[in-house]
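Working notes, beginning with the structure itself.
Note on naming: letters A, B, ... go to the chains in the order of the sequence lines (proteins, then strands), and numbering restarts at 1 for each one. Heavy atoms only: backbone and side chains are in, while hydrogens, waters and symmetry mates are out.
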Amino acid sequence: MSSKLKIFNTLSKEKEIFKPSRAPHVGLYVCGPTVYGDPHLGHARPAITFDLLFRYLQHLGYKVRYVRNITDVGHLENDADDGDDKIAQKARLEKLEPMEIVQYYTERYHTYMNALNVKSPSIEPRASGHIIEQLAIVESIIDKGFAYESNGSVYFDVERYNKEYNYGILSGRVLEDLLRSTRALDGQSEKKSSFDFALWKKAAPSHIMRWPSKYSDGFPGWHLECTAMATRYLGKTFDIHGGGMDLLFPHHECEIAQSTVAHGQGPASYWMHNNMVTIEGQKMGKSLGNFITLEEFFSGGHKLLNKAWSPMTIRFFILQAHYRSTVDFSNEALLAAEKGLNRLMEGIERLNNISPGLRNDYNVDELELKCYDALNDDLNSPVLIAHLFDAVKAINQAYDGKLSFSKENLDKLRHLINLFVFELLGLKTINKNNADSDVLNGVLSLILNIRQEAKNNKDWVTSDKIRIGLASLGIEIKDGKDGASWEVKK
RNA sequence: GGUCGGUUGGCCGAGUGGCUAGGCAGCGGUCUGCAAAACCGCGUACGGCGGUUCGAAUCCGCCACCGACCUCCA
C-alpha cells in the first residue's frame, strides 16, 4: 500500500507524498456545483480532475469515500444583508418551487457528468438535507466565542479568529492587508468587520427557502455547508479536500476557520485545487457570461463552436493539460484533441489485431514504470498521455511489421493500455452511431465486396460511384493493404 | 493597489541545469487506378535584459506583458 503518489498540497505549496491517515481508507471531499444553471465546461474540469484521482486511488488499493456535495441553498449572489440566494432567485424567475430548480439542474448535472464518464462519488449530499448539522456547528462556534448573533443572523468573527489562529493559512492572505485595501460595502451594518462571513442568515420576508432556528427563520451560510457535510460523512478530519482554485479564497479559507474553531483543526491534510478553463485567455465563468454549457459542446449549438464536440473529446482535451495549469478553450485546440484521441483509439484497436512475434523489440515494463511515474507525479495526465502515444507508435510499427512483440509482452501491453486508457483516464471507445449493427455490417460488407470486384475489373466508374455514394451518406471507406474498411463519420 | 501564478516552435501543451515530451497543423515519403485513410520520416522553441555556472529555456535579479483571487463563480 505504500504508494509513491505525490500530490501538490495547496496548504504547503509543495508536492508531498500522499499518506492517508487511516489507510487503507481515504476520505476525499470535493466542492460540488450550485445547481441553479446548466453545467458548463468549467464544471467539467474539477469533475474530471477528481475523477482521475478517485480512480487512481482506488486502483492503488485504497478504499476511497468520495463525497461531492450539491449546493442547493445558501449560495448568495453577494454577501450584503439583503443578498439573494442563487437558487431562490432562479426559482422566482421561473415561478417554480426552489426544489424543482434543484431537482432539474441536479439531474442535468448528472446527465452530463455521466456523458463525460465521470464516476459518481460515493456520497452526494445536499446542503438542505444537513441543516441540523450546520446549526450544531453554528452553536459550537458561538459557544467558543468566535461567532456572534446580529439581528437574527450569525457571523463568524474573523478578526477574533485571526488573533488566535491564522486566517490566511491556505490562501496566503493577510487579514490586515485585506482590511486595509477593502472599503466597507453598503448594507453590511450587521457585521462587525467586513470580512466576517455568515454562518446563518435570517431570511427576509420574501425569502422562500427558510428553516427555523433559535436565531431566526433563515438559512445556512455557504461556507458552513461544506464543513457540515464533510464532517458528517468523513469525520472532523479527513485526507483530501479538493475544488476549483477560485474557491480557495474565501470559501476554503473559511472552511478551515470554521473547522479549526469547531473541531480544533483544519479539516483536511491535503488541499488540491484545479485551475480554470479559459476562453481567449480569460476565465470561463458565469460572472463573465462567457461560458459554454456542456450541452452546447455536445450539440455544437453555440456561436463560438465550429461543430459539436463529443464528451470524450472534451474529457481528453482536459486531461491533456495538467490540472493545475489553465487550459485554454478554442476550436483549434479541440480539433487537435479530437484527432489525437482518434489516433490513440485506433492504435488501441489495432493492438487487438497484432500477432506476437518471436523477438521482442519493445520494453513494456519500462512503459509501465513511466506511466505510473507520470500519475504519481501529482497526476500528470499529459505526460501519461505522451507515453501512451509512444506505445501507439510502437503498435503501429508492429502493425507495419517493423517491430515485434513477444506473446508475453503483447499481453502485458494490452493489459496496460486497458488499465491506463480506460480504467484510469476514463476514456471510452467512441460510439460509432450503432455502426456495429449486424444488418449494417452485412450490407456494407456486401457493397465493399462489389466494389472490390469492380476494382479488380478496373471498373473505376463503379468503384468511385460506391465510394462517393457512401461518403454522401457519411460513411468513409478506408482502403488498406488487406481490403477496405469503413467508418461512420458524423 | 495587494497576494499568487503564468509567458515554450504555426496552434495546443509537458518538462528538465547538460541526454532537446506528446498531440494538431505543415513538409517529404510509403501505399493506392486516383484519392482519402493509414503508416514512416522531418521541425532544435522556451517573453526581454543582465547575473550565477564549464554549461540555463530550466537557478537569481530587474523589466515587459497576460491571468486568477481580493466576501457571485468549478
Side-chain angles (χ1 to χ4, degrees), chain A residues 13 30-34 37 39-50 75-80 83-84 86 158 168 171-174 177-178 180-182 185 188 191 194-198 222-223 242-251 253-254 273-278 281-288 291 316-317 320-322 324-330 332-341 343-344 346 350 374 377 380-390 392-393 396-397 399-400 402 455 458-460 463-464 467-468 471 476-481 484-485 487:
Chain A
K13 290 169 187 62
V30 175
C31 294
T34 300
H40 58 76
L41 189 59
H43 291 99
R45 190 95 197 260
I48 290 170
T49 297
F50 293 103
H75 203 161
L76 302 182
E77 286 294 326
N78 58 63
D79 205 25
D84 203 356
K86 285 171 182 289
V158 171
S171 61
R173 303 299 157 92
V174 177
D177 293 348
L178 288 171
R180 204 182 310 124
S181 62
T182 312
L185 299 169
Q188 296 204 353
K191 295 199 274 186
S194 59
F195 278 88
D196 292 352
F197 55 90
W222 176 42
H223 308 310
M245 260 179 199
D246 49 348
L247 298 181
L248 209 149
F249 188 88
H251 185 53
E253 194 71 61
C254 293
H273 292 94
N274 63 274
N275 214 319
M276 302 292 104
V277 177
T278 60
Q282 279 206 313
K283 175 178 166 181
M284 185 181 280
K286 292 218 164 109
S287 57
L288 292 165
F291 65 93
F316 190 68
F317 170 67
Q320 260 192 318
H322 188 261
R324 283 193 290 114
S325 303
T326 55
V327 58
D328 197 55
F329 152 82
S330 69
E332 229 183 336
L334 281 174
L335 186 63
E338 183 179 74
K339 292 192 174 182
L341 177 62
R343 177 174 154 83
L344 181 64
E346 286 184 0
R350 194 158 288 156
D377 185 16
N380 200 328
S381 52
V383 166
L384 169 60
I385 289 169
H387 293 321
L388 293 171
F389 275 113
D390 285 344
V392 167
K393 189 171 184 173
N396 288 332
Q397 283 172 339
Y399 186 74
D400 252 25
K402 291 175 183 160
K455 284 177 72 169
K458 297 198 191 302
D459 178 3
W460 312 128
S463 75
D464 286 353
R467 185 169 73 197
I468 294 162
E476 183 182 70
I477 292 184
K478 300 175 180 180
D479 287 320
K481 265 210 161 85
S485 62
E487 190 181 329

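- If you check B:G9 for Watson-Crick or wobble pairing at under 3.5 angstrom, you find it has no partner at all.
- For A:Asn396 and B:C39, the shortest distance from a side-chain N or O to OP1 or OP2 is below 4.0 Å.
- No salt bridge links A:Lys393 with A:Asp390; every basic N to acidic carboxylate O contact stays at or beyond 4.0 Å.
- Note on A:Lys339: a side-chain N or O is less than 4.0 Å away from OP1 or OP2 of B:A25.
- With distances taken from any side-chain atom of A:Lys402 to the nucleotides B:C40, B:A74, B:G22, the minimum falls on B:C40.
- Within 4.0 Å (heavy atoms only), A:Val327 reaches sugar-phosphate atoms of the nucleic acid but no base atom.
- In this structure, of B:U71, B:A38, B:A74, it is B:U71 that holds the atom nearest to the side chain of A:Ser194.
- Within 6.0 Å of the NZ atom in A:Lys458, the count of heavy atoms belonging to other residues, nucleotides or ligands does not exceed 12.
- Comparing A:Lys393 and A:Lys455, the nucleotide of RNA chain B nearest to each residue sits closer to the 5' end for A:Lys455.
- For the P atoms, the distance linking B:U7 with B:A57 amounts to 15 Å, nearest Å.
- Distance from the side chain of A:Ala321 is smallest for B:G13 among the nucleotides B:C70, B:G13, B:A68.
- Side-chain nitrogen and oxygen atoms of A:Ser325 include at least one within less than 4.0 Å of the OP1 or OP2 phosphate oxygen of B:A14.
- B:G18 is paired with B:C54 under the Watson-Crick or G-U wobble criterion, all donor-acceptor distances under 3.5 Å.
- One interatomic measurement links the two molecules: CG of A:Leu344 to P of B:C39, which rounds to 12 Å at whole-angstrom precision.
- Not one side-chain nitrogen or oxygen of A:Lys191 sits closer than 4.0 Å to the OP1 or OP2 atom of B:U71.
- Between the base of B:G33 and the side chain of A:Asp464 there is a donor-acceptor pair shorter than 3.5 Å.
- Look at CD on A:Glu332: it is 7 Å from P on B:C12, rounded to the nearest Å.
- The nearest whole Å value for the distance from the CZ atom in A:Arg343 to the P atom in B:G23 is 5 Å.
- For A:Ser463 and B:G33, a side-chain-to-base donor-acceptor distance below 3.5 Å is present, hydrogens and geometry of angles not being considered.
- Judged by distance alone, with hydrogens and angles left aside, A:Arg467 brings a side-chain donor or acceptor within reach of the base of B:A35, the pair sitting under 3.5 Å.
- When rounded to the nearest whole Å, the span between CG of A:Leu335 and C1' of B:G10 equals 14 Å.
- Nearest heavy-atom pair, A:Ala484 versus A:Asp479, reported as atom, atom and distance to 0.1 Å: CB-OD1, 3.4 Å.
- When heavy atoms are screened at a 4.0 angstrom cut-off, A:Met245 is found touching no nucleic acid atom at all.
- Between A:Phe316 atom CZ and B:G22 atom P the separation is 14 Å, expressed in whole Å.
- Taking atom C1' on both nucleotides, B:A21 is separated from B:G61 by 30 Å, rounded to a whole Å.
- Stacking between A:Phe195 and B:U71 is present: the aromatic ring centre lies within less than 5.5 angstrom of the base six-membered ring centre, and the two planes differ by under 30 degrees.
- Taking the side chain as every heavy atom from C-beta outward, A:Met245 and A:Met276 approach each other to under 4.5 Å.
- Side chain of A:Ala336, nearest nucleotide from B:C24, B:A74, B:C39: B:C24.
- When atom types are taken as modelled, the side chain of A:Asp377 and the backbone of A:Asn380 share no donor-acceptor pair closer than 3.5 angstrom.
- Residue A:Lys13 is out of contact with every strand shown, counting any heavy-atom pair closer than 4.0 Å.
- Within 3.5 Å, no donor on the side chain of A:Arg173 pairs with an acceptor on the base of B:C4, nor the reverse.
- The side chain of A:Arg45 lies closest to B:A74, out of B:A14, B:A74, B:G22.
- Across B:C40, B:A21, B:G2, the shortest atom-to-atom separation from the side chain of A:Ala386 is found for B:A21.
- Looking at heavy-atom distances under 4.0 Å, A:His387 makes no contact with the nucleic acid at all.
- Residue contacts shown for A:Ile477 include a base, since a base heavy atom lies under 4.0 Å away.
- For B:U3, the paired base is B:A68 (Watson-Crick or G-U wobble, both distances below 3.5 Å).
- Rounded to a whole angstrom, the distance from the C1' atom of B:G22 to that of B:G9 is 14 Å.
- Nucleotide B:U32 has no partner under the Watson-Crick or G-U criteria, as no pair reaches both atom distances under 3.5 Å.
- Counting non-hydrogen atoms of neighbouring residues, nucleotides and ligands closer than 6.0 angstrom, the OH atom of A:Tyr399 reaches no more than 12 such neighbours.
- Across the protein-nucleic acid pair, A:Ile385 atom CD1 and B:A14 atom P stand 10 Å apart, rounded to whole Å.
- Across all strands shown, B:C62 forms a Watson-Crick or G-U wobble pair, both distances under 3.5 Å, with B:G48.
- Nucleotides B:C39 and B:C31 are separated by 9 Å at their C1' atoms, to the nearest Å.
- For A:Phe249, the side-chain atoms get nearest to B:C70 when compared with the rest of B:C70, B:G2, B:A38.
- Remark: the A:Asp479 side chain and the B:A38 base include no donor-acceptor N/O pair separated by less than 3.5 Å.
- Between B:C54 and B:G2, the two P atoms lie 38 Å apart (nearest whole Å).
- Backbone-only engagement by A:Gly244 is indicated by non-hydrogen atom pairs under 4.0 Å involving sugar-phosphate atoms exclusively.
- Comparing the P positions of B:C59 and B:C27 gives a spacing of 37 Å, expressed to the nearest Å.
- The aromatic rings of A:Phe249 and A:Phe195 lie tilted to each other, with the angle between the two planes from 30° to 60°.
- Taking the side chain of A:Pro46 as heavy atoms from C-beta on, and the options B:G22, B:A74, B:C39, the nearest nucleotide is B:A74.
- Each of B:G67, B:G23, B:A14 was ranked by its minimum atom distance to the side chain of A:Pro382; first place goes to B:A14.
- Heavy-atom distances to RNA chain B give each of A:Asp246 and A:Arg324 a nearest nucleotide, and the one nearer the 5′ end belongs to A:Arg324.
- Distance noted for atom P between B:C19 and B:G51: 23 Å (whole Å).
- Here A:Phe389 does not pack flat against the base of B:G23, since the 5.5 angstrom centre distance and 30 degree tilt limits are not both met.
- Judged by distance alone, with hydrogens and angles left aside, the side-chain atoms of A:His387 form no donor-acceptor pair with the main-chain N or O of A:Leu384 at under 3.5 Å.
- Protein atom CH2 of A:Trp460 is 9 Å distant from nucleotide atom C1' of B:C34, rounded to whole Å.
- For the C1' atoms, the distance linking B:G55 with B:C70 amounts to 43 Å, nearest Å.
- The side-chain heavy atoms of A:Asp246 and A:His251, taken from C-beta on, include no pair separated by under 4.5 Å.
- One interatomic measurement links the two molecules: CG of A:Asn380 to P of B:U16, which rounds to 9 Å at whole-angstrom precision.
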